[in-house]
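Here is the structure we will look at, set down as structure tokens.
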Number of protein chains: 2
Amino acid sequence: MASNPKPDRKAYHHGDLRKALLDDAVKLLREEGEAGLSMRNLAARAGVSRTAAYHHFEGKHALLCAVAEEGFKRFGKVFYPPEMEGDDSLNEQRIQRFVQDYIKFATGNSEYYDLMFGSQLWKTEKLTETLTQEAYRTFRGYVDGIRGWQESGQISKNLDPLRYAQVSWSTLHGMSRLLIDGIYVDNQSRNAMCQAAADMLWRELNA
Amino acid sequence: MASNPKPDRKAYHHGDLRKALLDDAVKLLREEGEAGLSMRNLAARAGVSRTAAYHHFEGKHALLCAVAEEGFKRFGKVFYPPEMEGDDSLNEQRIQRFVQDYIKFATGNSEYYDLMFGSQLWKTEKLTETLTQEAYRTFRGYVDGIRGWQESGQISKNLDPLRYAQVSWSTLHGMSRLLIDGIYVDNQSRNAMCQAAADMLWRELNA
DNA sequence: AGTCAATCTTGACAATGTCAAAATAGCGAG
DNA sequence: CTCGCTATTTTGACATTGTCAAGATTGACT
């Protein structure tokens with residue numbers, strides 16, 4: 001157990017409180033929503049005292065940043081659109097699947113998505129250094145993917161990759177938010193909406 | 001002053017506390033953000049005691065619903081896309097202006113927009129009856145506007161008005177959220193983004 | 001003037017985030 | 001192996017918040 005002496009400073013009294021707190025935080029968000037996640041509630045679940053968490057996170061804000069960071073790591077696999085590896089070429093079905101994957105992640109992991117792209121963290125105080133890096137890496141990867149398609153001649157030369165990235169992401173993000181928050185749109189029309197969005201985004205790629 | 005005896009039951013001790021609370025609530029949200037808006041803070045501003053507001057709103061939730069409702073009333077003038085009145089015909093510039101107006105309202109009145117289309121109200125408890133009506137009226141107006149364009153032959157017959165409404169609104173909503181929350185996109189690229197979005201939405205109308 | 005309901009106040013309670021100081025546990029040096 | 005240092009955890013405390021219950025006040029109508 002006590003194999004590494006310095007590299008990670010965990011495994012003391014509790015074992016690995018930091019990880020336990022992060023896991024429980026996500027679980028709590030899933031089960032009871034944002035309202036159910038309190039520092040004290042969290043500590044109680046881990047079987048430690050109210051303020052134990054403050055020695056692993058500067059405060060609630062930092063803890064949420066850490067959760068968001070974990071979210072970005074899971075999200076990366078979806079949002080880097082291409083994994084252009086292989087002879088997998090760009091076509092309409094590819095876009096359709098990408099849209100579906102995005103929406104699936106957002107709605108199926110809303111406890112992460114809300115933090116990653118919600119006002120809660122972005123509006124107020126400063127984000128954690130590591131979170132900022134992870135977040136920017138994600139978006140840059142998306143733009144670079146589109147730029148790559150253009151350079152390899154798979155999409156229109158007239159397109160501005162940055163603008164297309166911003167606008168297409170707006171569509172995906174907006175749809176995710178409407179679905180997650182249950183604003184007007186019901187989950188029944190989810191597939192049809194994805195289809196319509198993919199149609200539009202695909203058409204635009206070749207405009 | 002005491003002209004109407006029953007129609008509205010206001011103007012008692014304070015004068016018109018309900019209205020004063022609503023106004024101060026918006027002002028507080030603008031100045032200090034969501035965190036600055038507390039029932040007690042609000043009451044203090046109005047010069048009344050902590051719980052006075054509870055005789056005008058069932059609770060904080062109901063108060064926020066009332067703010068959102070006011071937001072919808074102001075928003076209606078923008079979101080009903082057409083005001084098809086006059087010989088004002090549908091063209092690209094019309095769409096451009098609509099996109100700009102939407103984004104302008106969202107970013108310039110984010111204290112309203114956050115409540116109207118944020119998770120805060122939609123996710124949790126039930127919405128106020130009147131708010132629900134106002135909200136649905138707004139969205140229905142949008143879809144009807146698009147349907148009207150189609151019926152008068154101004155846009156493609158192939159389009160499903162509901163789907164187009166959902167997807168185009170997703171784009172507008174997503175862009176608004178990214179701008180309001182300051183996620184990646186900076187306000188510098190606002191106009192360029194609006195232009196790119198308008199291009200895409202216009203193209204799609206005639207696809 | 002007196003009754004009654006609308007309005008407002010006071011007192012109270014539980015939850016929350018967070019700080020300061022005390023307590024504890026594990027590791028390395030002697 | 002023991003001593004001390006530091007990382008970790010606890011306890012106590014405080015301010016803030018939303019909200020309820022009970023009482024006090026105010027204004028309108030008979």
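Side-chain atoms are counted along with the backbone in the values below, which use heavy atoms only and exclude waters and symmetry mates. Chain identifiers are assigned alphabetically (A, B, ...) following the order of the sequence lines, protein sequences preceding nucleic acid strands; residue numbering begins at 1 within each chain.
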Calculate the interatomic distance between [X] atom [atom1] and [N] atom [atom2]; express it in whole Å.
X: B:Leu63; N: D:dT19; atom1: CG; atom2: P; value: 10 Å
X: B:Arg18; N: C:dA6; atom1: CZ; atom2: C1'; value: 15 Å
X: A:Asp16; N: D:dT8; atom1: CG; atom2: C1'; value: 13 Å
X: B:His56; N: C:dT7; atom1: NE2; atom2: C1'; value: 7 Å
X: B:Phe57; N: D:dT19; atom1: CZ; atom2: C1'; value: 16 Å
X: B:Leu28; N: D:dT17; atom1: CG; atom2: P; value: 11 Å

What residues, two or more places apart in sequence or in another chain, satisfy side chain to side chain donor-acceptor pair (under 3.5 Å) together with [X]?
X: A:Asn191; answer: none
X: A:Ser176; answer: none
X: B:Glu111; answer: B:Arg30

How does protein contact run along nucleotides 9-19 of chain C, one letter per nucleotide 5' to 3', with B for base contact, S for sugar-phosphate only, - for none, heavy atoms under 4.0 Å?
-> BBBB---BBBB
Give every donor-acceptor pair under 3.5 Å between a side-chain atom in residues 42-49 of chain B and any protein atom, sequence neighbours left out.
from    : atom 1 : to      : atom 2 : distance (Å)
B:Arg45 : NH2    : B:Glu31 : OE1    : 3.0

Does the side chain of B:Tyr113 come under 3.5 Å of the side chain of B:Tyr102 through a donor N or O and an acceptor N or O?
->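 Yes, a side-chain donor-acceptor pair sits under 3.5 Å.
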Atom pairs and distances, side-chain donor-acceptor, residues 179-188 of chain A, under 3.5 Å, sequence neighbours left out:
from     : atom 1 : to       : atom 2 : distance (Å)
A:Asp181 : OD1    : A:Arg177 : NH2    : 3.0
A:Asp181 : OD2    : A:Arg177 : NE     : 3.2
A:Tyr184 : OH     : B:Ala135 : O      : 2.2
A:Asp186 : OD1    : A:Ser189 : OG     : 2.7

